[in-house]
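What you see is a predicted model, and the numbers here were worked out from it, not measured in a lab. Proteins get letters first, then strands, A, B, ... in listed order; numbering begins at 1 in each.
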There are 2 protein chains.
Amino acid sequence: MQEPRRAKKKTKATSMDIAHRAGVSQATVSRVLRGSPLVNAETRKRVEEAVRELNYKVDRHASSLRTQRAGTLALLLFEDPTPDDSHINPFFLSMLGSITRACAKHGHDLLVSFQQLSDDWHADYEDSMKADGLILLGYGDYIAYESKLAHLVAQGTHFVRWGAVLQGQPGISIGCDNAAGGALVGRHLIARGRRKVAFLGDASTHFPEFFARYCGCDGALREAGLRMNPALQVDADSSEQSGYDAARTLIARGHAFDAIFAASDLIAIGAIRALTEHGLRVPDDVAIVGFDGTPMARFSNPPLTTVVQDTSGAGELLVASLLRLVRDEPAESVTLMPTLEVRASSGG
Amino acid sequence: MQEPRRAKKKTKATSMDIAHRAGVSQATVSRVLRGSPLVNAETRKRVEEAVRELNYKVDRHASSLRTQRAGTLALLLFEDPTPDDSHINPFFLSMLGSITRACAKHGHDLLVSFQQLSDDWHADYEDSMKADGLILLGYGDYIAYESKLAHLVAQGTHFVRWGAVLQGQPGISIGCDNAAGGALVGRHLIARGRRKVAFLGDASTHFPEFFARYCGCDGALREAGLRMNPALQVDADSSEQSGYDAARTLIARGHAFDAIFAASDLIAIGAIRALTEHGLRVPDDVAIVGFDGTPMARFSNPPLTTVVQDTSGAGELLVASLLRLVRDEPAESVTLMPTLEVRASSGG
DNA sequence: CTGAAAGCGCTTACAG
DNA sequence: CTGAAAGCGCTTACAG
């Protein structure tokens with residue numbers, strides 16, 4: 001007899017209970033639940049009824065132990081530059097949303113974990129059978145990052161990452177066409193009559209996403225006989241504070257500029273704050289364009305023109321590609337086209 | 001012979017492999033890995049070495065099947081009013097961050113799932129042994145919600161929820177002391193010389209969090225011989241658009257007001273936009289205070305005074321309480337004290 | 001179309 | 001302190 005100290009959960013039904021109730025073997029119950037065609041329609045109906053009556057759910061661990069499939073993916077979210085709580089880049093949170101939805105659509109569960117880029121990664125999700133594969137999300141110094149990717153490949157880990165798609169890169173990546181995005185910005189600013197475009201964000205091979213945005217914008221300027229001026233580039237990582245600091249540095253240098261291309265929306269919003277404090281008007285004195293298409297771009301003052309990344313498409317593609325890898329099917333890196341959303345910060 | 005079509009993952013090591021290598025029984029390997037004291041120090045060392053050499057990880061499914069513990073919690077995030085992708089309330093995303101961290105700290109994994117409040121919930125995470133318990137996050141019509149909570153209790157599901165802590169409520173809740181937060185706002189506005197305080201947000205038992213904020217503010221006004229004027233209350237759910245619409249409605253009503261207490265930061269930011277469009281200055285003509293303490297409050301223009309909820313404390317408490325329930329230990333509902341962060345939108 | 005049986009990789013009484 | 005053995009709840013060849 002169980003001690004009824006508190007409302008005890010009644011013991012969970014097993015496939016044995018279902019079998020008994022439906023008058024079939026336990027193997028047949030399993031066949032029905034896995035959707036095997038090898039079951040008589042009548043039998044199937046009896047089993048399904050028993051399943052409903054007892055509110056039976058297949059035990060995930062028993063099933064996974066037998067099939068050697070977890071039915072789960074793991075999302076590793078890197079948050080290196082801003083280790084302070086709750087200050088995750090909102091762009092990655094949009095990605096998290098779309099990845100979660102894509103997982104559900106593909107009938108998989110999603111484990112979420114935050115990682116320091118510097119840490120040993122929880123790549124052991126797969127070794128412990130907790131997940132069939134990994135989705136890596138978050139930027140950081142790519143040079144350090146790449147060797148870890150190579151390590152994952154060497155271990156045979158199934159993974160996809162979000163980020164710059166580069167030649168000869170280990171593993172497969174899904175990323176925004178950052179150069180195309182940068183070109184959209186360059187052409188837009190030129191069409192608005194701007195000539196001296198500053199860039200806030202690291203622009204080196206250590207941060208290939210930002211670098212490609214820079215180069216794309218430069219390419220568009222060159223089409224118009226202009227070019228980016230390295231004296232108007234200031235390093236910044238993707239945070240409001242960093243954007244604020246970078247804009248102040250830019251102003252302090254004393255070179256003239258009439259537009260800022262910020263490598264991310266957060267940087268742009270920090271830059272607007274710095275410019276406003278300094279008595280510069282946006283967009284009258286300086287046009288500003290961000291990158292990412294985060295919700296806050298719409299609410300900033302003035303509303304921010306931004307390059308919108310296709311987060312829904314990205315989530316779906318990340319999940320679908322990873323599931324292909326898990327099934328040992330071929331998959332390849334893909335680049336997604338961004339779009340420009342014009343708002344008041346660049347003259348509307 | 002395996003077909004070497006592509007780099008095959010070498011077969012995963014099992015505890016048997018470790019046992020063989022360390023020259024002990026498989027049972028002893030298991031004891032070492034579970035930290036049993038019933039192992040000789042020498043033996044332990046040999047086993048640990050073999051574990052390291054073969055990069056062995058305990059198989060989660062085998063372990064969980066045996067122990068009947070998943071070692072995993074599930075987070076159900078409701079997003080009813082705004083089903084459009086990527087527009088999740090940033091406050092909940094902060095919560096997600098802190099919950100993730102708290103889970104890691106307590107040695108548990110976290111499954112994340114988005115749910116429609118109207119749907120059948122994925123309460124079956126526990127029935128299928130995928131998770132030991134549920135964390136419920138997200139507001140919505142509480143009246144509809146409460147019956148679902150009662151249902152979960154009746155089923156013996158282990159869960160905690162974030163939200164208003166009410167008398168006689170089913171299950172346990174962790175929530176902000178919304179009335180105290182409202183009182184902070186009321187006293188602050190009075191101290192700034194404001195007298196006619198409008199409220200943007202539903203204020204009924206259907207939305208007990210907003211309602212308590214309203215009542216708390218009203219209580220503070222009464223201490224000063226004033227009170228909230230129902231004619232200055234406009235319904236709104238927690239979105240920028242809804243805040244914008246509500247502020248326009250408020251203005252259209254034509255009653256004088258010199259302050260707005262917005263039930264959330266998103267509502268406040270929408271309200272600022274509406275006021276600005278209408279030629280009203282913040283804070284000179286109207287002081288505005290939000291609620292939540294989201295990152296965007298700092299970046300809004302003007303920066304938004306807001307009631308900061310303790311998301312780190314909340315995440316930790318949610319996880320710790322749920323784990324107590326899972327272990328059949330007593331746990332109870334708790335209310336967390338918020339703080340007021342004063343910025344320029346209320347006169348600084 | 002169905003059942004009996006083996007086995008996935010652990011954990012933990014039980015016996016020594 | 002250690003090993004042999006049972007068993008967690010499934011899935012899937014195998015035999016009929």
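The phosphate of D:dC10 (OP1 or OP2) has a side-chain N or O of A:Ser15 nearer than 4.0 angstrom. Between C:dT12 and B:Arg34, a contact under 4.0 Å exists linking OP1 or OP2 to a side-chain N or O. At least one side-chain nitrogen or oxygen of B:Ser63 sits closer than 4.0 Å to the OP1 or OP2 atom of C:dT11. Here B:Tyr56 reaches the OP1 or OP2 of C:dC10: one of its side-chain N or O atoms lies under 4.0 Å away.
Atom OG of A:Ser98 and atom CG of A:Leu317 lie 10.5 Å apart (nearest 0.5 Å). The CG atom of B:Leu149 sits 7.0 Å away from atom OG of B:Ser173, with the distance rounded to the nearest 0.5 Å.
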For this session: Carefully, step by step, assess B:Lys130 and B:Asp124 under the rule salt bridge (charged side-chain N to carboxylate O under 4.0 Å, His left out).
Result: CA-CA 8 Å; B:Lys130 288 178 188 173; B:Asp124 57 340; 5.8 Å; no
Exercise. Where do A:Thr72 and A:Arg60 land on the side chain to side chain donor-acceptor pair (under 3.5 Å) test, with the steps shown first?
Worked result: CA-CA 10 Å; A:Thr72 300; A:Arg60 175 54 149 273; 3.2 Å; yes
For this session: Step by step, work out the side chain to side chain donor-acceptor pair (under 3.5 Å) result for B:Gln26 and B:His20.
Result: CA-CA 8 Å; B:Gln26 183 269 334; B:His20 186 76; over 6 Å; no
For this session: Begin with the C-alpha distance, continue with both residues' side-chain angles, and end with the deciding distance and a verdict on side-chain contact (heavy atoms from CB on, under 4.5 Å) for B:Leu76 and B:Leu137.
Result: CA-CA 6 Å; B:Leu76 304 195; B:Leu137 196 58; over 6 Å; no
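One atom, CG of B:Asn40, and another, C1' of D:dG3, lie 15 Å apart when rounded to the nearest Å. Between B:Lys12 atom NZ and C:dG9 atom P there is a gap of 6 Å when expressed in whole angstrom units. Following rounding to the nearest Å, A:Leu65 (CG) and D:dC10 (C1') show an atom-to-atom distance of 8 Å. For the pair A:Lys130 NZ and C:dG9 P, the computed distance is 18 Å after rounding to whole Å. Atom NE2 in B:His61 sits about 12 Å away from atom P in C:dG9, given to the nearest Å. Regarding A:Arg66, its CZ atom lies at a distance of 16 Å from the P atom of C:dC10, rounded to whole Å. Distance, B:Arg69 CZ to C:dT12 P: 11 Å, rounded to whole Å. Atom CD1 of B:Ile18 is separated from atom P of C:dG9 by 13 Å (rounded to the nearest Å).
Residue B:Ser30 has its side chain nearest to C:dC10 when only D:dG9, C:dT2, C:dC10 are considered. Closest contact between the side chain of B:Leu38 and the listed nucleotides D:dC1, C:dT2, C:dA5 involves D:dC1. Comparing C:dG9, D:dG3, C:dG3 by their closest approach to the side chain of B:Ala27 singles out D:dG3. When each of C:dG3, D:dT11, C:dT11 is scored by its nearest atom to the side-chain atoms of A:Val24, the top-ranked nucleotide is C:dG3. Listed nucleotides: C:dG9, C:dG7, D:dG9. Nearest to the side chain of A:Asp59: D:dG9.
Residue-to-nucleotide proximity on DNA chain D shows that, of B:Val39 and B:Thr67, the 5′-proximal contact is made by B:Val39.
With both ends at atom C1', the span from D:dT12 to D:dG16 equals 16 Å, rounded to whole Å.
The partner of C:dT2, taking Watson-Crick or G-U wobble pairs whose two distances both stay under 3.5 Å, is D:dA15.
Counting non-hydrogen atoms under 4.0 angstrom, A:Thr43 reaches the backbone sugars and phosphates but no base. Among the heavy atoms of the strands lying under 4.0 Å from B:Thr28 are primed sugar atoms or P, OP1, OP2 only; no base atom is included. Here B:Thr14 lies in heavy-atom contact (under 4.0 Å) with sugar-phosphate atoms only. Heavy atoms of B:Ser36 sit nowhere under 4.0 angstrom from any nucleic acid atom. If you check every strand for non-hydrogen atoms under 4.0 Å, A:Gln68 touches sugar and phosphate atoms only.
For C:dG3, its base sits under 3.5 Å from the side chain of A:Arg31 at one donor and acceptor pair at least.
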